[in-house]
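Below you'll find the structure, written out as structure tokens, and then a few comments.
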Amino acid sequence: MCLLSIDEIFNKIVSSRSLIKDRAVLRADYVPDKLLFRNNEITAVAEVLSPLLKGYRASNLLLYGKPGTGKTAVARYVLKHLQRKANELNIKIALAYSNTKTANREYTMLVELGNSIGLKFPFTGLASSELFTRILNYINNYNLNTVFVLDEIDFLVKRYGDEILYQMTRSNERLENGSLGLVGISNDLNFKEFLDPRVLSSLSEEEVVFAPYSVNELKEILLERVELGFYKDTVNTSAINLCAAIAGSEHGDARRAVDLLRVAGEVAEREGAVKVEERHIRIAEKKIEQDKVTETLRRLPLHEKLVMYSILLADNGITGDVYSKYLELTKKLSIEPVTQRRIGMMISELDMQGLIYAPIINKGRHGRTKKITLAIQHSLLKQAIEEDPLTNGIL
DNA sequence: AGTCCACCGGAAAACATGGCAA
DNA sequence: TTGCCATGTTTTCCGGTGGACT
């Protein structure tokens, strides 16, 4: 595996010219001092939130647009400046941000929001409604004008329904002091259909729609990042163009463009290149895809990993085959198997995550089941199994 | 025309986890 | 502590199903 001695590795790194000057600038969540091409949006958001500076409640606001169109960046940007201004004027406001996709549970989201306005909560054990009541009490007691930014709100709604949002939109009626304004951010343009009309009308008191960046705009954004993040003359112009073109062809996604650029830079550095070229972008494109899969696999719970491996063993198998392989594996590792019903659910989940294909097929006399195949490279899966101390016993 | 396979997927019951209040 | 509660996960139970086969 390891062909180079550790010394050689260090030497190579030291001697190779570094291309990247400031890695942080090249991360997708970096918020620049000046956001390009989003002035209208910034103004709109700032106007909606500005009443806070006078001690009034801010209207609820819905931001939507495709991924990587700057919604999160604009929200954070405005929040940052708002907080700064409030400090300057010595006005007490509380601003909280939560990404409901990474927070992934209603509970975790409330904990995050509570924490960032200064509350402490236990990890588990409380009802969500209890958490929420506490948050409201806190706002009430300290007379805070508050804004909650709920990023990727469509995720929350699709998974857990809009009950919690309903509570939130109604909370101003429960508050005697202070206020709670909501900023919802959604990637999905159709997610409104999932909302109760009462919630929708309240949440979208104001709306800002984010249009995708054009290829030229992407190019400008990349040029700025290159300027800040790379040393002079280390990125080929055609590489930048390619980067912008790739991201542009996928609904003008700036996040993707910046990710591509960073990874390409790393690839080029590692191979000791003098410049980032087009081919580095191509390599980066593949690498990002693979890393995403590896990361998803790594995060999979034990039994789902076993299911994945069972699918590999029973290639082209149907649910029954996969389940019997799975039983063998659990026996080998001497752990308790779960029921086939549960495995069926896991298979559906893995299918939704895009790790496997599991269409239902009819074989007439021979029943009705799912035909299951892996949707990822087998080697990546093997690697993930190997890495995990809980599963490497089955190899 | 009717049977019957091999599982799907909904619903509810059972179990587990962890805070709270007394 | 102990009993209680809410939440989340897994099991149990079971009705449902499209088409190859008789």
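Order of the sequence lines sets the chain letters (A, B, ...), proteins ahead of strands, with each chain counted from 1. Computed from a predicted structure; not experimentally measured.
- A donor-acceptor pair shorter than 3.5 Å can be found between the side chains of A/Tyr97 and A/Asp151.
- Within 4.0 Å of A/Gly344, counting heavy atoms only, lies no atom of the nucleic acid at all.
- Of the candidates C/dT10, C/dA20, C/dG16, the closest approach to any side-chain atom of A/Arg365 belongs to C/dA20.
- Regarding A/Leu350, its CG atom lies at a distance of 13 Å from the P atom of B/dC8, rounded to whole Å.
- Here the C1' atom of nucleotide B/dC7 and the CG atom of A/Asp321 are 12 Å apart, to the nearest Å.
- Side chains of A/Ser348 and A/Lys370: a donor on one and an acceptor on the other come within 3.5 Å.
- Taking side-chain N and O atoms only, A/Thr339 has a distance below 4.0 Å to OP1 or OP2 of C/dT11.
- For A/Lys363, no side-chain nitrogen or oxygen approaches OP1 or OP2 of C/dC21 to under 4.0 Å.
- Closest approach to the A/Ile360 side chain among B/dG9, C/dT11, C/dG18 is made by B/dG9 (side chain taken as heavy atoms from C-beta onward).
- Counting to the nearest Å, the P atom of C/dT9 and the CD1 atom of A/Ile343 are 15 Å from each other.
- Straight-line distance from the NZ atom of A/Lys371 to the P atom of B/dC8: 14 Å, rounded to whole Å.
- Closest to the side chain of A/Arg341, from the set C/dG19, B/dC20, B/dG9, is B/dG9.
- Phosphate proximity of B/dC20 to A/Arg134: present, with a side-chain N or O under 4.0 Å from OP1 or OP2.
- Atom CE in A/Met345 sits about 15 Å away from atom P in C/dT12, given to the nearest Å.
- Geometrically, A/Arg38 engages A/Tyr213 in a cation-pi contact defined by less than 6.0 Å to the ring centre and at most 45° from the axis.
- At whole-Å resolution of the value, CZ in A/Arg342 and P in B/dC15 are 18 Å apart.
- When each of B/dG9, C/dC21, C/dG18 is scored by its nearest atom to the side-chain atoms of A/His366, the top-ranked nucleotide is C/dC21.
- Side-chain contact annotation: A/Asn143 with A/Lys92, donor-acceptor N/O pair under 3.5 Å absent.
- Between A/Thr319 and B/dC8, a side-chain N or O to OP1/OP2 separation shorter than 4.0 Å is present.
- When rounded to the nearest whole Å, the span between NE2 of A/His303 and C1' of C/dT10 equals 10 Å.
- Nearer the 5' end of DNA chain B, as judged by each residue's closest nucleotide, is the contact made by A/Gly364, out of A/Gly364 and A/Ser348.
- More than 12 heavy atoms of other shown residues, nucleotides or ligands fall within 6.0 angstrom of atom NZ in A/Lys21.
- A straight line from CD1 of A/Ile361 to P of B/dC8 spans 10 Å, rounded to a whole angstrom.
- The side chain of A/Arg368 has C/dT17 as its nearest neighbour among B/dA11, C/dT17, B/dC8.
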